[in-house]
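As structure tokens, the structure follows; a few thoughts come after it.
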Amino acid sequence: MTEPSLPSWWARFSLVGALFAGVLLALAPLAYRLGLAGVQGAVLMLPAMASVLAFLAFLFGLFGLVLWLRGGRPADRVHVLVGSALSLAVLLQMGGQFALAQSVPAIHDISTDVANPPEFEAIAPLRADAPNSMAYDAETLAPLMAQHYPDVTPLILQADPAAVFARAEALVAELGWTLVASDPATGRIEAYDTTALYGFIDDVVIRIAPEGARGARVDVRSLSRVGQSDLGANAARIRAFLSALAPNRGA
């Protein structure tokens with residue numbers, strides 16, 4: 001009996017399903033940027049659909065691989081190999097995102113000062129339609145900050161506050177943030193950062209105040225406009241800013 005010259009239906013499903021899963025995953029941020037999907041749809045629904053489709057494609061691909069390795073259906077080889085590899089890549093990507101989500105608290109408002117967080121003023125009008133409130137819930141956030149982000153604390157520098165302010169303002173530009181307001185008299189800088197993939201906007205306020213006779217204290221707050229969990233992005237942003245402002249902080 002001659003071997004089938006065409007790939008089996010399960011081999012075709014493995015390849016096509018993996019391709020569609022990859023497309024769904026890639027379309028999620030694009031759909032959000034174009035306004036075709038909200039946060040829930042772009043961050044949860046489309047990736048979830050991609051994950052289910054990738055899982056099924058991987059199972060069928062694995063089944064086809066077993067048959068091929070046992071000496072049958074050589075026409076399935078390319079389909080099941082490519083389908084299995086692509087679907088596994090999607091599953092690993094989503095698995096990494098799930099693991100990250102489980103490793104950080106589901107919060108989106110991070111401040112180095114949980115007792116008296118810097119307040120947004122100039123940015124407030126820009127957040128008029130933002131789902132997330134600017135009100136800081138210290139009762140909820142303070143214990144989570146202490147547990148998950150104990151290193152996100154105020155930066156104390158033995159330097160002139162005016163010089164620190166100038167460096168902080170320059171650093172905002174270097175990091176690619178959009179400057180909204182800068183007031184040397186009050187030591188306040190407000191800006192926002194746009195995430196690369198989805199284009200989410202996170203607002204940042206920096207407060208620089210005198211500390212002692214010759215020092216300066218820097219507090220930073222980073223708050224997402226949308227989304228319940230920031231996957232650790234706001235804390236990472238604050239760490240990066242403070243590390244750049246004082247490279248020897250952790251030394």
Side-chain angles (χ1 to χ4, degrees), residues 29 33 100 104 107-130 132-136 138 141-142 145 148-227 229-251:
R33 284 179 175 270
L100 177 59
V104 296
I107 58 178
H108 52 262
D109 192 352
I110 307 298
S111 174
T112 56
D113 187 343
V114 297
N116 180 31
E119 296 289 341
F120 293 98
E121 293 182 1
I123 278 178
L126 303 180
R127 296 182 59 94
D129 298 326
N132 292 339
S133 170
M134 291 187 299
Y136 190 83
L141 296 174
M145 286 291 300
H148 295 277
Y149 303 125
D151 61 314
V152 180
T153 55
L155 173 63
I156 307 298
L157 297 171
Q158 294 305 310
D160 176 50
V164 175
F165 184 93
R167 172 58 183 148
E169 188 177 33
L171 188 55
V172 166
E174 291 175 19
L175 293 172
W177 302 352
T178 301
L179 181 67
V180 176
S182 176
D183 186 358
T186 60
R188 175 190 300 275
I189 300 172
E190 295 184 60
Y192 64 83
D193 187 21
T194 304
T195 63
L197 187 59
Y198 279 88
F200 295 138
I201 296 178
D202 298 335
D203 295 308
V204 182
V205 55
I206 303 161
R207 183 179 64 202
I208 300 169
E211 180 75 11
R214 299 181 179 178
R217 168 172 167 153
V218 183
D219 281 294
V220 185
R221 179 182 177 190
S222 186
L223 169 63
S224 301
R225 294 190 187 182
V226 299
S229 175
D230 64 5
L231 299 182
N234 286 302
R237 181 177 295 109
I238 292 175
R239 289 191 191 103
F241 177 83
L242 294 180
S243 295
L245 191 62
N248 298 322
R249 186 189 193 200

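- Considering only heavy atoms from C-beta on, Leu141 stays 4.5 Å or farther from Val114 through its side chain.
- Atom CG of residue Leu223 and atom CG of residue Asp230 lie 9.5 Å apart, to the nearest 0.5 angstrom.
- Remark: Glu174 engages Arg167 in a side chain to side chain donor-acceptor pair (under 3.5 Å) (not counting sequence neighbours).
- For Glu211 (side chain) and Ile156 (main-chain N/O), no donor-acceptor pair under 3.5 Å exists by modelled atom type.
- Here the closest heavy-atom approach between residue Ile123 and residue Ala191 is recorded as CD1-O, 3.2 Å.
- In this structure, Tyr136 and Ser111 approach most closely via the heavy-atom pair CE1-CB, 4.0 Å.
- The CG atom of Leu171 sits 6.0 Å away from atom CG of Leu245, with the distance rounded to the nearest 0.5 Å.
- For Arg33, the CZ atom counts as densely surrounded, since its 6.0 Å shell holds more than 12 non-hydrogen atoms of other residues, nucleotides or ligands.
- Contact check for Arg214 versus Asp160: no side-chain heavy atoms found under the 4.5 Å cut-off.
- With sequence neighbours excluded, the residues forming a side chain to side chain donor-acceptor pair (under 3.5 Å) with Asp109 are Arg221, listed by chain and number.
- The two residues Pro161 and Pro210 have their closest heavy-atom pair at CG-CA, 3.9 Å.
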Would you be so kind as to tabulate the donor-acceptor pairs closer than 3.5 Å made by side chains of residues 175-184, with sequence neighbours excluded?
| from | atom 1 | to | atom 2 | distance (Å) |
| --- | --- | --- | --- | --- |
| Ser182 | OG | Glu169 | OE2 | 2.7 |
| Asp183 | OD1 | Ala185 | N | 3.1 |
| Asp183 | OD2 | Thr186 | OG1 | 3.1 |

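- Applying the ring-ring contact (aromatic ring centres under 6.0 Å, His included) rule to Tyr149 yields no partners; only residues at least two apart in sequence or on another chain are considered.
- With sequence neighbours left out, the salt bridge (Lys or Arg N to Asp or Glu O under 4.0 Å) criterion links Arg237 to Asp193, Asp202.
- Panel note: side chain Arg217, backbone Arg207; no donor-acceptor pair is recorded below 3.5 Å.
- Taking CG from Asp151 and OG from Ser243, the interatomic distance works out to 9.0 Å, rounded to the nearest 0.5 Å.
- Side-chain N or O atoms of Asn132 include one that pairs as donor or acceptor with a backbone N or O of Gly227 at under 3.5 Å.
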**OP:** Assess whether side-chain contact (heavy atoms from CB on, under 4.5 Å) is satisfied between Glu190 and Asp203, documenting all intermediate values.
**Re:** CA-CA 8 Å; Glu190 295 184 60; Asp203 295 308; over 6 Å; no
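- For the side chain to side chain contact (heavy atoms under 4.5 Å, CB included) test with Val220, the passing option among Ile206, Val205, Ile208, Asn234 is Ile206; the others fail.
- Side chains of Thr112 and Leu155 form no contact here, defined as non-hydrogen atoms less than 4.5 Å apart.
- Without hydrogens or angle criteria, Arg188 side chain to Glu119 main chain gives a donor-acceptor distance under 3.5 Å.
- The main-chain N or O of Ile110 is never found under 3.5 Å from a side-chain atom of Ser222 such that the two would form a donor-acceptor pair.
- Phe120 pairs by the ring-ring contact (aromatic ring centres under 6.0 Å, His included) definition with nothing, not counting sequence neighbours.
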